Amino acid sequence: MAHDTGGSFMPHGFCFLWRPDVLWLHVISDGLVALAYFCIPVALIYFIRTRRDVPFQSVFLLFGAFILLCGTTHIMSIWVLWHPDYYIEGVIKAMTAVASIGTTIMMVRLMPQALAIPSPSQMDIANAQLREANAKLEKLYADSEERSRVTLAAIVDNAVDAIITIDEKGTVETANRACERLFGYEASEIIGQNVRMLMPEPYQSAHDGYLDRHVRTGEARIIGTAGREAEGRRKDGSSFPIDLSVSAFTVAGKRHFTGIVRDITVARQEHEARQRLLTRLTESNTELERFAYVASHDMQEPLRMVLNFSQIIATDYNEVLDDEGKDYLRIVGESAMRMRDMVQDLLEYARLGREGMSLGDVDMEVELNHVLTNLKELIRDSEAVVTSDPLPFIEGNAVQIMRLLQNLIANAIKYQKPGKTPHVHVTVTPDGQDWHFMVRDNGMGIDPAFVNQVFEPFRRLHTWESIRGSGLGLAVCRKIVDSHGGRIWATSKPGEGSVFHFTIPKPDGAAERNAAHA
């Protein structure tokens with residue numbers, strides 16, 4: 001056989017004395033081993049590509065490279081029988097050595113993790129335990145679901161309101177005990193029947209069409225709403241008012257509807273009774289206002305006559321009357337003046353409820369100046385000091401607002417201890433959508449037990465002789481504030497003065513007008 005002897009090394013075949021039987025024994029053996037070694041990496045690559053869930057894939061790849069190099073060394077063993085390329089064979093063996101050492105190191109490092117992988121018997125035991133745990137969980141879930149179902153059924157069955165469920169055709173599916181009590185049927189008489197049987201006309205005729213329209217188009221007039229008033233019909237044929245709430249839900253692709261029904265017969269009767277009472281009170285209040293207006297208006301002329309003739313008697317018969325008669329005449333005159341003041345205040349109070357109130361922009365500083373002009377003599381005689389912060393524009397009735405400020409400031413000046421200089425300060429602060437006004441004084445103050453009563457008509461905390469007044473001033477103030485949509489109250493401590501508070505809603509565009517005013 002031809003062989004290469006041109007180099008410094010001799011082919012390996014010289015060692016076998018070129019005997020064909022020995023040569024071919026090695027060639028066939030190395031060739032079959034190499035073929036097996038080349039097939040193993042292909043099988044490993046196919047395995048790890050097919051089973052990507054198998055751990056340690058890097059070991060498979062490294063082991064495949066090691067096997068491939070081992071096969072290559074066997075091919076080189078055949079080659080060097082005739083060609084003395086021992087250097088190349090050594091390089092390939094060195095590469096095989098590196099791959100084998102790397103594979104060994106990787107296997108040693110991963111051995112604990114590999115040993116931790118459960119064996120098939122362990123997996124069987126774990127699977128059995130898992131199946132047992134799943135069975136227990138399924139049983140617990142079934143028991144819990146059954147308890148929930150029983151609990152929900154008990155809640156629905158013992159609810160105060162009637163609860164009914166129907167299908168898309170209006171057939172009753174469930175009805176609780178409250179439904180039995182409300183309509184007079186047994187549940188077995190209702191279930192399976194159309195819910196129309198619980199409705200009087202015209203609800204009965206309209207029900208199927210409405211339900212069909214909702215199923216086809218999704219249009220909802222009742223479904224999804226609460227607090228709708230309707231009529232129900234009992235087993236005996238009687239009708240009664242109900243509050244109806246309807247909702248829709250879907251189970252297994254099938255639509256159902258739940259209705260919650262409440263008998264509102266008593267509530268409607270109470271509402272009607274309240275409306276009748278409110279009507280009677282309104283009528284009575286109107287009559288009282290009319291009477292107060294007419295009476296106070298008609299009483300002015302007799303009082304004027306009493307005052308005039310008492311003054312004539314005091315003048316023309318001054319020499320005839322003795323001291324006791326003069327004293328009696330003085331009492332008559334003072335009583336007539338007191339009655340005149342009360343009649344005038346009562347007429348003003350009654351007029352507030354009868355006059356149509358026109359609203360407009362009101363400059364509070366202008367109205368305060370009008371008040372100071374009207375009270376000029378009272379301020380001068382009492383030496384009162386009246387001050388104010390910058391006041392805004394409001395929307396209201398200028399005349400009534402002036403009355404409000406005048407009554408509050410006059411009271412603050414009058415209700416003072418003798419010899420004490422009255423100090424009154426008017427201020428305002430924004431309070432959300434309202435203006436919060438305060439009239440502060442240094443007067444006598446009000447006992448906290450009576451601070452909420454001072455706004456009642458004819459409610460006086462002092463005698464007429466000590467402080468003159470009719471007891472209607474603050475009642476007029478409250479009526480004015482109420483008519484403007486605000487509220488009024490007072491805070492006070494005896495001996496430390498009082499603060500009268502009232503609110504007036506801010507008008508639209510108030511910020512611009514007040515900025516221009518400032």
Side-chain angles (χ1 to χ4, degrees), residues 338 341-342 345 348-349 364-365 367-369 371-372 374-392 394 400-506:
R338 179 181 176 186
D341 293 342
M342 291 181 65
D345 287 347
E348 180 183 11
Y349 184 76
M364 293 295 287
E365 290 195 359
E367 299 308 321
L368 179 60
N369 289 331
V371 169
L372 296 180
N374 295 342
L375 299 177
K376 181 168 59 177
E377 293 184 3
L378 177 62
I379 293 173
R380 182 191 60 205
D381 295 342
S382 63
E383 299 181 349
V385 179
V386 181
T387 58
S388 71
D389 291 340
L391 301 179
I394 66 168
Q400 291 191 12
I401 293 297
M402 186 187 70
R403 290 178 188 170
L404 170 64
L405 289 175
Q406 185 165 308
N407 286 353
L408 293 177
I409 293 174
N411 280 355
I413 294 174
K414 288 192 298 184
Y415 286 89
Q416 287 285 344
K417 291 182 179 179
K420 188 175 182 180
T421 301
H423 286 270
V424 184
H425 185 69
V426 182
T427 186
V428 63
T429 58
D431 185 8
Q433 298 299 316
D434 297 329
W435 289 115
H436 178 186
F437 293 89
M438 288 167 280
V439 179
R440 189 184 307 272
D441 64 58
N442 63 336
M444 298 177 180
I446 306 170
D447 190 318
F450 302 105
V451 75
N452 292 324
Q453 302 177 19
V454 296
F455 298 99
E456 298 175 6
F458 301 111
R459 181 63 174 174
R460 291 179 52 83
L461 304 182
H462 303 274
T463 63
W464 190 83
E465 289 77 11
S466 61
I467 299 177
R468 295 181 59 179
S470 63
L472 280 169
L474 290 178
V476 169
C477 291
R478 182 172 67 179
K479 204 163 188 179
I480 291 172
V481 172
D482 288 346
S483 67
H484 283 75
R487 60 191 186 97
I488 186 170
W489 71 99
T491 56
S492 181
K493 289 184 180 180
E496 298 183 13
S498 305
V499 181
F500 283 84
H501 308 255
F502 66 91
T503 62
I504 301 292
K506 293 179 181 178

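Position 1 is the first residue of the sequence, and the numbers go up from there. As the structure is a prediction and not an experimental result, all values here were calculated from the model.
When side chains are defined from C-beta on, Met364 does not count as touching Val428, because their heavy atoms never get closer than 4.5 Å. Side-chain contact check for Phe500 versus Leu404: every heavy-atom pair is 4.5 Å or farther apart. Side-chain atoms of Pro505 and Gln433, non-hydrogen and from C-beta on, never get closer than 4.5 Å to each other. A heavy-atom distance below 4.5 Å is found between the side chains of Pro430 and Lys506. Looking only at side-chain heavy atoms (C-beta outward), Leu368 and Ile409 come within less than 4.5 Å of each other.
Applying the side-chain hydrogen bond (donor to acceptor under 3.5 Å, both in side chains) definition to pairs two or more places apart or across chains, those involving residues 380-389 are Thr387-His425, Asp389-His425, Asp389-Thr427.
Put simply, CG on Asn411 and OG on Ser498 are 10.0 Å apart, with the number rounded to the nearest 0.5 Å. A distance of 4.0 Å separates CD1 of Ile401 from CD1 of Ile394, quoted to the nearest 0.5 Å. Rounded to the nearest 0.5 angstrom, Asn407 CG and Arg403 CZ are separated by 9.0 Å.
Under the side-chain contact (heavy atoms from CB on, under 4.5 Å) criterion, Asp482 pairs with Arg478, not counting sequence neighbours. For Glu367, there are no side chain to side chain donor-acceptor pair (under 3.5 Å) partners two or more places apart in sequence or in a different chain. Taking Thr503 as the reference, nothing meets the side chain to side chain donor-acceptor pair (under 3.5 Å) condition, with sequence neighbours excluded. The ring-ring contact (aromatic ring centres under 6.0 Å, His included) check on Phe502 picks up Phe437, with sequence neighbours excluded. Taking the side-chain contact (heavy atoms from CB on, under 4.5 Å) definition, one finds that Pro494 meets it with Pro448, sequence neighbours left out. Partners of Lys420 under the side-chain contact (heavy atoms from CB on, under 4.5 Å) rule, at least two apart in sequence or in another chain, are Gln416, Asn442. With sequence neighbours excluded, the residues forming a side chain to side chain donor-acceptor pair (under 3.5 Å) with His501 are His436, Thr491, listed by chain and number.
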Met438 vs Thr429, test: side chain to side chain contact (heavy atoms under 4.5 Å, CB included). Steps then yes/no.
CA-CA 9 Å; Met438 288 167 280; Thr429 58; 4.1 Å; yes
Would you please test Gln406 and Asn374 for side chain to side chain contact (heavy atoms under 4.5 Å, CB included) and show each step?
CA-CA 8 Å; Gln406 185 165 308; Asn374 295 342; 3.0 Å; yes
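Contact between His484 and Ile504 at its shortest, heavy atoms only, is CB-CD1, 3.9 Å. The shortest non-hydrogen separation linking Val481 to Ile488 is CG1-N, 4.0 Å. For the pair Ser492 and Gly497, the tightest heavy-atom approach, listed with the atom from each and the gap, is OG-O, 3.1 Å.
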